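Report on one structure; see the data block that follows.
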Amino acid sequence: MVEIIAGTKGKGKTKYLLDQVNGAAAQATGNIVYLDKNAKHMHELTNKVRLINVTDYPVRNKDEFVGFICGIISQDYDLQEMYLDSFLTIAHLEDTDITDTVNELDAIGRRYQIRFILSLSRNEEDLDESIRPKVVISL
């Protein structure tokens, strides 16, 4: 249950993601988490959304990132959605293939009924063909 917002830097992905998360929070029956590389957008999020600055924690590679995600899920049975801004940065996936990590998040999302919305600074055509169907908007 992964959705991808794709586009190069400066195309408006974060604004789109913030609009999505605030809209979802108004109708959510469960909890929503927003992961980012800093706390810059704290005041743009409704107080119903939990902002987590991933760089505050010792996450050094993609495997630790997936473990970090699982830790968040394990402590919140009411978790419904996770928004991941700057996905390539917070997951330590810059200049690498993201296919395995996206598929792993998709499997986790299906198992625990959690929707992951990823914002990543890549064009849709630069993504592996197997994960392109997960792109909901390409900016």
Side-chain angles (χ1 to χ4, degrees):
M1 301 199 326
V2 170
E3 297 177 5
I4 297 173
I5 301 164
T8 57
K9 188 172 179 155
K11 292 288 186 177
K13 295 179 303 300
T14 296
K15 181 180 179 349
Y16 181 85
L17 195 66
L18 289 167
D19 290 344
Q20 289 290 106
V21 70
N22 286 328
Q27 301 173 21
T29 57
N31 295 329
I32 297 177
V33 173
Y34 187 95
L35 277 69
D36 204 350
K37 63 184 177 188
N38 56 46
K40 183 169 103 175
H41 302 293
M42 180 186 303
H43 299 293
E44 297 173 62
L45 290 169
T46 178
N47 63 357
K48 295 179 181 179
V49 175
R50 168 75 195 271
L51 171 68
I52 299 175
N53 178 359
V54 177
T55 62
D56 285 345
Y57 301 91
V59 177
R60 296 177 299 267
N61 58 52
K62 65 182 181 176
D63 293 327
E64 290 180 0
F65 178 75
V66 171
F68 183 73
I69 295 288
C70 290
I72 293 168
I73 293 168
S74 73
Q75 62 86 38
D76 188 350
Y77 291 111
D78 295 323
L79 188 59
Q80 180 177 331
E81 295 180 352
M82 292 186 80
Y83 290 78
L84 288 70
D85 198 5
S86 304
F87 175 68
L88 299 176
T89 302
I90 63 175
H92 300 277
L93 291 166
E94 299 101 334
D95 304 319
T96 63
D97 183 21
I98 65 170
T99 306
D100 289 343
T101 305
V102 169
N103 288 332
E104 193 168 2
L105 288 176
D106 194 52
I108 292 167
R110 290 183 192 289
R111 180 172 182 179
Y112 298 103
Q113 291 80 48
I114 297 169
R115 183 173 160 232
F116 292 99
I117 300 89
L118 318 177
S119 165
L120 54 99
S121 294
R122 285 198 188 153
N123 287 319
E124 181 178 359
E125 52 272 2
D126 296 332
L127 299 175
D128 186 85
E129 224 173 273
S130 67
I131 62 172
R132 282 187 200 161
K134 298 180 186 322
V135 175
V136 292
I137 187 162
S138 183
L139 301 171

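Everything quoted here is computed from the prediction, not taken from an experiment. FYI, the numbering just counts along the sequence from 1.
- Panel note: side chain His92, backbone Val59; a donor-acceptor pair is recorded below 3.5 Å.
- Minimum heavy-atom separation, Val66 to Glu104: CG1-OE2, 3.5 Å.
- Between Glu3 and the choices Lys134, Arg115, Gln20, the side chain to side chain donor-acceptor pair (under 3.5 Å) rule is met once, by Arg115.
- Applying the ring pair (Phe, Tyr, Trp, His ring centres under 6.0 Å) test to residues at least two apart or on different chains, the pairs with a partner in residues 66-85 are Tyr57-Phe68.
- Rounded to the nearest 0.5 angstrom, Lys62 NZ and Asp100 CG are separated by 5.5 Å.
- Across every non-hydrogen atom of Ala25 and Lys48, the tightest pair is O-CD, 3.8 Å.
- Summarising the geometry of Ile5 relative to Leu139, their closest heavy-atom pair is CG2-CD1, 4.4 Å, with the distance given to 0.1 Å.
- Annotation for Ser130 and Thr99: closest pair OG-CG2, 3.5 Å, computed over non-hydrogen atoms.
- Asp95 and Arg122 get closest at one heavy-atom pair: N-NH2, 3.5 Å.
- For the pair Lys13 (side chain) and Gly7 (backbone), a donor-acceptor distance under 3.5 Å is present.
- Under the side-chain contact (heavy atoms from CB on, under 4.5 Å) rule, Thr46 has a single partner from Asn22, Leu18, Val21, which is Asn22.
- Side-chain contact between Thr89 and Glu94 is present, with at least one heavy-atom pair separated by less than 4.5 Å.
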Audit row: Leu84, Ile69, side-chain contact (heavy atoms from CB on, under 4.5 Å) steps and yes/no: CA-CA 10 Å; Leu84 288 70; Ile69 295 288; 4.2 Å; yes
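- Scanning both residues, Cys70 and Ile108, for their nearest heavy atoms gives SG-CD1, 3.8 Å.
- Checked by atom type and distance alone, the side chain of Asn61 pairs as donor or acceptor with a backbone atom of Glu64 at under 3.5 Å.
- Note that the CD atom of Glu44 and the CG atom of Leu51 stand 10.5 Å from one another [nearest 0.5 Å].
- With hydrogens and angles disregarded, a donor-acceptor distance shorter than 3.5 Å links the side chain of Gln75 to the backbone of Ile72.
- The number of heavy atoms from other shown groups lying within 6.0 Å of CD (Glu129) does not exceed 12.
- Remark: side-chain polar atoms of Arg132 are paired, donor with acceptor, to backbone N or O of Glu125 under 3.5 angstrom.
- With Val2 as reference, Asp106 is the one residue of Ile131, Asp106, Val136 to meet the side-chain contact (heavy atoms from CB on, under 4.5 Å) rule.
- Ile98 is listed as a side-chain neighbour of Leu127, based on a closest heavy-atom distance under 4.5 Å.
- Looking at Phe87 and Ile4, their side chains never come closer than 4.5 Å, going by heavy atoms from C-beta outward.
- There is a path of hydrophobic side-chain contacts, each under 4.5 Å, that joins Leu79 to Phe116.
- Remark: of the listed residues Asp36, Leu35, Leu118, Asp36 is the sole one forming a side-chain contact (heavy atoms from CB on, under 4.5 Å) with Ser86.
- No donor-acceptor distance shorter than 3.5 angstrom exists from the side chain of Glu81 to the backbone of Ile117, with no hydrogens or angles considered.
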